[in-house]
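Below, chain A is the first sequence line, B the second, and so on; all start at residue 1. Since this is a predicted model, take the numbers as computed values, not measurements.
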Amino acid sequence: MTQEEERNELLQVRRDKMDGLRERGIDPFGRKYERTHRAEDILAAFDDQSKEDLEEENVSVTIAGRLVAKRKQGKASFAHLQDQTGRIQIYVRKDRVGEEQYETFGTADLGDWLGVSGTVFKTNRGETSVKADSVTFLSKSLRPLPEKFHGLKDVELRYRKRYLDLIMNPEVKDTFIVRSRVISAIRRYLDGQGYLEVETPTLHTIPGGAAARPFITHHNALDIDLYMRIAIELHLKRLIVGGMEKVYEIGRVYRNEGVSTRHNPEFTMLELYEAFADFHDIMDVTENIINHAAREVLGTDTIQYAGETIHLSKPWARKSMVDLVREHTGVDFSRSMSDDEARRLAEEHGVQITPAMTFGHILNEFFEQKVEEKLIQPTFVYGHPLEISPLARKNADDPRFTDRFELFIVGREHANAFTELNDPVDQRERFEAQVKEKAQGNDEAHPMDEDFLEALEYGMPPTGGLGIGIDRLVMLLTDSASIRDVLLFPAMRDQG
RNA sequence: GGGUCAUUAGCUCAGCUGGCAGAGCACCUGACUCUUAAUCAGGAUGUCGCAGGUUCGAAUCCUGCAUGACCCA
């Protein structure tokens, strides 16, 4: 069976109309068109003018957009054109545009792109509209759009065919405009604070800087396996060694794990490193970045998320992990405790652990299982156990812990930061402990990285570092329930 | 990885205890020069996700698979 025969009636009708345009000398996929206004420009400029005043002014405009509604009534028609800024009504009369153009407009389908020149006027109902003097056919749509009233609801279709989602559901575009503005607001803020934006490799020979499984790829000419980066960290610290004192990168990282409402295999991280700073300074930096982004993009630092009011006004709560666990479970991990005792406490409190876990892992499990989800308002949680923090500096008073914090908002991690470990001897021991964990079956444990250790051996100044998940931040600022709602093209299986 | 639910026309959805596959929008034909989910008259539209099974008969019941959503790990 040929494709021609398989095509259903709806598709065939549009192909026939395309052929009809060509027969009448009109290119169905036209050319450059110079417009003077966007829909929003016209609505904003003339909305508060009276019908009579507008008539007197006789304002000429040229607009272009996708035909999204059409109401034909004989020798005159109303329709709506949609451009990036919104929809505007056009009024096309046969006695004004002429027989030929009215015919062209008459055969136009919903979805086609049209250009219209005319004058701005108000209808009897008060809608600011454009009365066409001429209609130019710009581009044919060979497929029907989703239903005009209900739009596109099927979430699978919305993600797979995001262009349809963007056409039919205007709030989707708003989300991605916020995303774009959040990222540029962060850039502007950091640039203004003297941080230097850099770019480092996304193809790594050793996948480090985080606890995650990497994607593996292959370089043919060099005949070596490479890993898609799981973090930016280790390269940025090499730059600190090199004397670039305040650097940041906003970029994609890749983690080979499941997809969920909070996880996509590729996502966007901000990482920032500042020489001579510690994790307390980085808490201030984190507050400032997020607070600034909210106020600049949304105009407020009080936001709504999933029905909760979240206060992003500074300062945010700063609590130690040990204190929070004590607060929520009564268990005091600050006193000295054997691994066996920690395991016994986990069992008593219904905290699930694996046999290989030691004191620090178990404290972390207490936190994740009993506390994390309760931290709705912004809270810096600091003092993470050594075992789960192989790149963070040890706490000076209690070496079981590190000078590290994570930021929690609406029960989710939004940032991870520490006073960086700059002692190459200690760093080597941490890597060795991680390699041991890997041998015991933790496939997210950090690999040995001799090249990074060598860099540290040249001397890294005391440094504070930060990672912020941009996607989760955008979710927070747009009240989005799923990471897929803030990714234009979320990862999907190749089907359909 | 486990559980629950979903998959029917281009889109949004009905379809009960198994008995001729439906509606609205969109589409086609006609009428209509201030409509706006335009209206009126008429018409056409299907791999019921895929593959098996039960049955005289399956969109409907059973099994497996695929894709997706949500919850859990």
Side-chain angles (χ1 to χ4, degrees), chain A residues 1 5-17 20 39 43 51 54-55 66-82 86-99 102 105-112 118-132 141-165 167-169 213 256-264 306 350-354 365 368-369 372-373 411 443-444 480-485 490-496:
Chain A
M1 201 187 280
E5 282 162 328
E6 275 181 53
R7 217 144 44 207
N8 77 27
E9 189 202 328
L10 264 60
L11 301 185
Q12 193 53 51
V13 163
R14 288 183 178 230
R15 299 264 164 169
D16 293 344
K17 286 181 176 173
L43 297 180
K51 187 173 165 72
L54 256 181
E55 204 140 331
R66 191 188 285 276
L67 186 65
V68 289
K70 192 179 171 191
R71 297 174 292 280
K72 196 177 174 186
Q73 33 185 347
K75 297 182 181 63
S77 299
F78 284 93
H80 276 91
L81 292 188
Q82 175 171 294
R87 296 181 169 196
I88 187 160
Q89 181 167 258
I90 58 169
Y91 180 43
V92 185
R93 294 169 58 113
K94 191 175 187 175
D95 60 11
R96 214 172 154 99
V97 301
E99 189 126 358
Y102 196 73
F105 176 78
T107 60
D109 287 307
L110 297 186
D112 291 355
T119 52
V120 181
F121 78 110
K122 278 229 163 106
T123 63
N124 291 341
R125 295 279 203 92
E127 180 166 351
T128 305
S129 309
V130 175
K131 190 179 293 178
S141 166
L142 296 177
R143 291 177 180 272
L145 289 177
E147 202 244 356
K148 65 181 176 188
F149 188 62
H150 297 93
L152 187 67
K153 288 271 171 55
D154 185 315
V155 290
E156 184 173 354
L157 278 181
R158 288 185 45 221
Y159 296 149
R160 286 189 192 280
K161 301 184 191 300
R162 183 67 91 182
Y163 46 92
L164 290 179
D165 194 25
I167 294 167
M168 302 310 297
N169 303 315
R213 290 167 57 194
N256 204 341
E257 48 201 29
V259 300
S260 77
T261 49
R262 289 173 303 279
H263 299 88
N264 195 70
V351 171
Q352 303 211 326
I353 57 170
T354 61
E365 291 300 318
E368 287 190 1
Q369 294 178 41
E372 197 174 291
E373 64 178 13
D443 54 12
E444 292 191 346
S480 297
S482 170
I483 195 171
R484 287 182 285 258
D485 293 324
M492 303 285 277
R493 281 194 169 81
D494 184 23
Q495 283 283 318

**Study point:** C1'-based separation of B/U67 from B/C50 [nearest Å]
**Key:** 11 Å
Review point. Under 3.5 Å, side chain of A/Gln369 to main-chain N/O of A/Gln352, donor-acceptor pair present?
Key: yes
Revision key, fill the gap. Whether each nucleotide of nucleotides 3-9 of chain B has a protein heavy atom under 4.0 Å at its base (B), only at its sugar-phosphate (S) or at neither (-) is summarised, 5' to 3', as -------
Point to revise | Closest non-hydrogen atom pair between A/Val68 and A/Gln82, with its separation | key: CG1-CB, 3.8 Å
Review point. Going by the angle between their ring planes, with limits at 30° and 60°, are A/Phe121 and A/Tyr91 parallel, tilted or perpendicular?
Key: tilted
Check your understanding: Between A/Lys70 and A/Phe105, is NZ or CZ placed under 6.0 angstrom from the six-membered ring centre and within 45° of the ring axis?
Key -> yes
Study note, to complete from the structure: Re B/G18: Watson-Crick or G-U wobble partner, both distances kept under 3.5 Å, found to be none
Check your understanding: Atom NZ of A/Lys161 to atom C1' of B/G10: distance rounded to whole Å?
Key -> 11 Å
Practice item. Would you indicate which nucleotide in B/G68, B/U12, B/U36 comes nearest to any side-chain atom of A/Val155? Key: B/G68
Review point. Which nucleotide in the set B/G24, B/C28, B/U33 lies at the smallest distance from any side-chain heavy atom of A/Lys75?
Key: B/U33
Review point. Are the side chain of A/Ser141 and the backbone of A/Arg143 linked by a donor-acceptor contact shorter than 3.5 Å?
Key: yes
Point to revise | Gap between atoms CG and P, on A/Leu145 and B/C11 respectively (whole Å) | key: 12 Å
Exercise for review: Using whole Å, report how far NE2 of A/His150 lies from C1' of B/U12.
Suggested key: 5 Å
Check your understanding: What is the distance from CG of A/Asn169 to P of B/C11, rounded to the nearest Å?
Key -> 14 Å
Review point. With A/His80, which of A/Glu127, A/Lys148, A/Arg87 fulfils side-chain hydrogen bond (donor to acceptor under 3.5 Å, both in side chains)?
Key: A/Glu127
Study note, to complete from the structure: Out of B/C32, B/U12, B/A26, minimum distance to the side chain of A/Leu152 belongs to B/U12
Review point. How far, in whole Å, is B/G24 from B/U45 if one measures between their P atoms?
Key: 15 Å
Exercise for review: Would you kindly check whether a donor in the side chain of A/Glu127 faces an acceptor in the base of B/U36, or vice versa, at under 3.5 angstrom?
Suggested key: yes
Point to revise | Heavy-atom donor-acceptor pair, A/Arg158 side chain to A/Asp165 backbone, under 3.5 Å | key: no
Check your understanding: Can a side chain N or O of A/Arg143 be found less than 4.0 Å away from OP1 or OP2 on B/G10?
Key -> no
Exercise for review: Using the P atom as the reference point in each nucleotide, state the distance between B/C72 and B/U12 in Å, no decimals.
Suggested key: 27 Å
Practice item. Without swapping roles, check the side chain of A/Lys131 against the backbone of A/Gly118 for a donor-acceptor pair under 3.5 Å. Key: no
Exercise for review: Please determine, for the side chain of A/Gln352, which listed nucleotide (B/G68, B/A73, B/C32) has the closest atom?
Suggested key: B/A73
Check your understanding: Can you tell me if CD on A/Glu368 sees more than 12 non-hydrogen neighbours from other groups inside 6.0 Å?
Key -> yes
Exercise for review: Indicate for each nucleotide in nucleotides 39-44 of chain B, in 5' to 3' sequence, whether protein heavy atoms under 4.0 Å reach the base (B), only the sugar-phosphate (S), or nothing (-).
Suggested key: -----S
Practice item. Would you confirm whether A/Tyr159, through its side chain, and A/Ala491, through its main-chain N or O, come within 3.5 Å as a donor-acceptor pair? Key: no
Review point. Looking at B/U67, B/A26, B/U35, which one has an atom nearest to any side-chain atom of A/Pro144?
Key: B/A26
**Study point:** Set of residues satisfying side chain to side chain contact (heavy atoms under 4.5 Å, CB included) with respect to A/Lys153, sequence neighbours excluded
**Key:** A/His150
Review point. Roughly how many Å is it from CG in A/Leu157 to P in B/C13, rounded to a whole number?
Key: 11 Å
Practice item. Take atom P in B/C27 and the same atom in B/G22, then report the distance between them in whole Å. Key: 23 Å
Review point. Roughly, in whole Å, what's the span from CG in A/Leu11 to P in B/C27?
Key: 13 Å
**Study point:** P atoms of B/U60 and B/G18, separation to the nearest Å
**Key:** 11 Å
Practice item. Grab the CZ-P distance between A/Arg14 and B/G10 for me, whole Å please. Key: 13 Å
**Study point:** Minimum-distance nucleotide to A/Pro146 side chain [options: B/A69, B/C11, B/C34]
**Key:** B/C11
Study note, to complete from the structure: Between CG of A/Asp154 and C1' of B/G49 the distance, given in whole Å, is 12 Å
**Study point:** Nucleic acid contacts of residues 90-98 of chain A, taken as heavy-atom distances under 4.0 Å to RNA chain B
**Key:** A/Tyr91, A/Arg93, A/Asp95
Point to revise | Among B/G24, B/C28, B/G68, the one nearest A/Val13 by side-chain distance | key: B/C28
Review point. With sequence neighbours excluded, what pairs up with A/Arg262 under the salt bridge (Lys or Arg N to Asp or Glu O under 4.0 Å) test?
Key: none
Practice item. Mind checking salt bridge (Lys or Arg N to Asp or Glu O under 4.0 Å) for A/Arg66 and listing every partner two or more places apart, or none if nothing turns up? Key: none
